[in-house]
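Have a look at the structure below, then the notes.
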Amino acid sequence: MQSSLIRLTAALVSSSLIAPAVLAAPLTSLGKPEGKLNIIAWPGYIERGQSDKNYDWVTGFEKATGCQVNVKTAATSDEMVSLMNSPNYDLVTASGDASLRLIYGKKVQEINPALIPSWKTLDPRVKNGNWFTVAGKPYGVPYQWGANFLMYNSKIFPKAPSSWSVVFEPGNLPDGKPNKGRVQAYDGAIYIADAALYLMHKNPKLGIKDPYELNEAQYAAVLQLLRQQKGLTHRYWHDVTVQMNDFKKEGVAVSSAWGYTINTLQAEKFPVAGTIPQEGATGWADTTMLHAQAQHPVCAYKWMEWSLNKNLQSALAEWFGSNPVVADACKTKAPGGSNFCQSNGFDRFGQIRFWRTPVAKCSQGSCVPYSRWTADYIAIMGGR
């Protein structure tokens, strides 16, 4: 399975060096909704009140449009790319490390903003993001964005750790015990960028300017750091439920994490907090993208419009621990009454290095492409 994933990734990334996908022109008008909508989404992204009745942005949509929503959750971007090989899905909430692969792999189609009235309300910072816009054409609608926080047990850390060194370098934590076996790393090749971001600040002589653009020497140094981290790692996480259990029951003290995980553990009164250390953080800007062979395009467009409602955006941001793509949502009261834009880092946009697919042709001339990232990270996680 892993070798198939590597071949798929290599093919998609290689295609990105040729030309953008040539697909049918986007719709110019919408007919009658088809009555059904199939979405691939991150866990916690498409809620209908089953986890908490106060967080439900699906039921109202279904009543308003007649489109019955079915959700398939995916734990990683690679899983999303793989699932989009099937024509059975209409939309995917893709992160920046998947969106360009989907565009150049001809799995998604250009959308027509004229059919999405709320397009004009988008935060200008994300409206033309290079993670979903190619040659001036949008291949989706921004959904949410956020940082990959450094999550820590606040009983072990009386003060927030100031550096990512606590997960990359061997040493003792504030309780006097070694960090070995008490840290986690993300189970995804894009995590190489987290290590690159840390080295960008720790060792400026390497000349890393962009954690997604690494020449051979820079890449070798980053892999060396990740091999060192392997000896410290309790687990490579991708399932947020497993990660939460590891913090509660397995003695894990610190890890990269999403805001959703932090919010959920805090709601359970477990002592964790999240921070963006001095080096900054990687992050994700997610886009709702339309399958190239979507069977329910009208319902899909109806959802893309619905998704930009400021009430949905505020509830989702509070629930997931993310930030809205509609700035006015920050002024809207979310179900829990929290100041979610402040706590989730809405004003720290400039400190976040958003995920994007590394390619061979870069500002340095030549960089290590994502196909190599995938193969080498799998090897590191396997202990090689």
Side-chain angles (χ1 to χ4, degrees), residues 39-59 71-77 79-80 93 95 143-157 160-161 167 182-188 191 194 234-276 281-286 311-324 329-330 333-346 348 352:
I39 307 176
I40 302 168
W42 294 104
Y45 249 17
I46 311 293
E47 291 291 309
R48 60 166 67 251
Q50 292 172 316
S51 301
D52 185 325
K53 64 180 181 180
N54 294 311
Y55 297 90
D56 179 359
W57 42 90
V58 172
T59 303
V71 179
K72 169 67 175 177
T73 59
T76 68
S77 288
E79 185 181 354
M80 287 185 172
T93 59
S95 294
Y143 192 50
Q144 291 274 288
W145 63 270
N148 293 315
F149 293 100
L150 182 61
M151 180 172 73
Y152 59 94
N153 184 311
S154 53
K155 283 190 174 180
I156 295 172
F157 290 85
V167 298
R182 304 167 72 198
V183 305
Q184 290 185 337
Y186 183 58
D187 176 7
Y191 185 73
D194 289 60
H234 165 270
R235 189 196 303 275
Y236 291 91
W237 73 273
H238 67 261
D239 185 315
V240 293
T241 301
V242 173
Q243 185 182 41
M244 287 188 284
N245 284 335
D246 286 342
F247 267 75
K248 290 187 288 187
K249 300 177 181 179
E250 298 292 325
V252 173
V254 62
S255 174
S256 64
W258 298 327
Y260 174 76
T261 311
I262 297 167
N263 284 357
T264 302
L265 284 172
Q266 288 178 340
E268 296 176 4
K269 308 301 182 184
F270 189 80
V272 298
T275 187
I276 297 177
T282 62
W284 39 270
D286 292 351
N311 292 318
L312 182 156
Q313 285 284 311
S314 62
L316 172 56
E318 183 178 63
W319 174 256
F320 196 78
S322 52
N323 290 290
C330 289
K333 185 178 180 180
S338 69
N339 189 346
F340 55 90
C341 280
Q342 181 178 357
S343 59
N344 298 340
F346 187 81
R348 302 184 73 176
I352 300 173

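The aromatic rings of Tyr143 and Tyr45 stand perpendicular to each other, their planes meeting at an angle above 60°, with 30° marking the opposite boundary.
The distance from atom CG of Asn153 to atom CE of Met151, rounded to the nearest 0.5 Å, is 9.5 Å.
Not counting sequence neighbours, the partners of Ala75 by the side-chain contact (heavy atoms from CB on, under 4.5 Å) test are Glu79, His238. With sequence neighbours left out, Tyr191 forms a side chain to side chain donor-acceptor pair (under 3.5 Å) with Gln229. Taking the side chain to side chain donor-acceptor pair (under 3.5 Å) definition, one finds that Gln144 meets it with Gln313, Ser322, sequence neighbours left out. Judged as a side-chain contact (heavy atoms from CB on, under 4.5 Å), and not counting sequence neighbours, the contacts of Arg348 are Ile276, Gln351. Residues passing the side chain to side chain donor-acceptor pair (under 3.5 Å) test with Asn245: none are found, sequence neighbours excluded.
Annotation: salt bridge (Lys or Arg N to Asp or Glu O under 4.0 Å) contacts involving residues 242-263, sequence neighbours excluded, comprise Arg235-Asp246, Lys248-Glu268.
Nearest heavy atoms, Trp145 versus Pro324: NE1-O, 3.4 Å. The shortest non-hydrogen separation linking Gln266 to Ala273 is NE2-CA, 3.8 Å. Summarising the geometry of Pro43 relative to Phe320, their closest heavy-atom pair is O-CE1, 3.1 Å, with the distance given to 0.1 Å. Between Ser95 and Trp284 the shortest heavy-atom distance is OG-CB, 4.0 Å. Across all their heavy atoms, Ala281 and Ala147 have their closest contact at CB-CB, 4.5 Å. Contact between Glu318 and Gly337 at its shortest, heavy atoms only, is OE2-N, 3.3 Å.
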If you apply the rule side chain to side chain contact (heavy atoms under 4.5 Å, CB included), what do you find for Tyr186 with Thr76, and how did you get there?
CA-CA 10 Å; Tyr186 183 58; Thr76 68; 4.3 Å; yes
Apply side chain to side chain contact (heavy atoms under 4.5 Å, CB included) to residues Val252 and Arg182 and explain how you reach the verdict.
CA-CA 4 Å; Val252 173; Arg182 304 167 72 198; 5.7 Å; no
Before giving the answer on side-chain hydrogen bond (donor to acceptor under 3.5 Å, both in side chains), spell out for Thr282 and Asn148 the whole-Å C-alpha distance, their side-chain angles and the decisive distance to 0.1 Å.
CA-CA 6 Å; Thr282 62; Asn148 293 315; 2.8 Å; yes
Full working for side chain to side chain contact (heavy atoms under 4.5 Å, CB included) between Met244 and Phe270:
CA-CA 10 Å; Met244 287 188 284; Phe270 189 80; over 6 Å; no
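Between Asp286 and Thr93, the side chains place no donor N or O within less than 3.5 Å of an acceptor N or O (distance only, hydrogens not considered).
Formation of a donor-acceptor pair under 3.5 Å by the Gln184 side chain with backbone atoms of Gln243 is not found in this model. Panel note: side chain Asn344, backbone Gly259; no donor-acceptor pair is recorded below 3.5 Å. Between the side chain of Asn323 and the backbone N or O of Phe346 there is at least one donor-acceptor pair closer than 3.5 Å.
Applying the ring-ring contact (aromatic ring centres under 6.0 Å, His included) test between Trp319 and each of Phe340, Tyr55, Trp258 identifies Tyr55 as the sole match.
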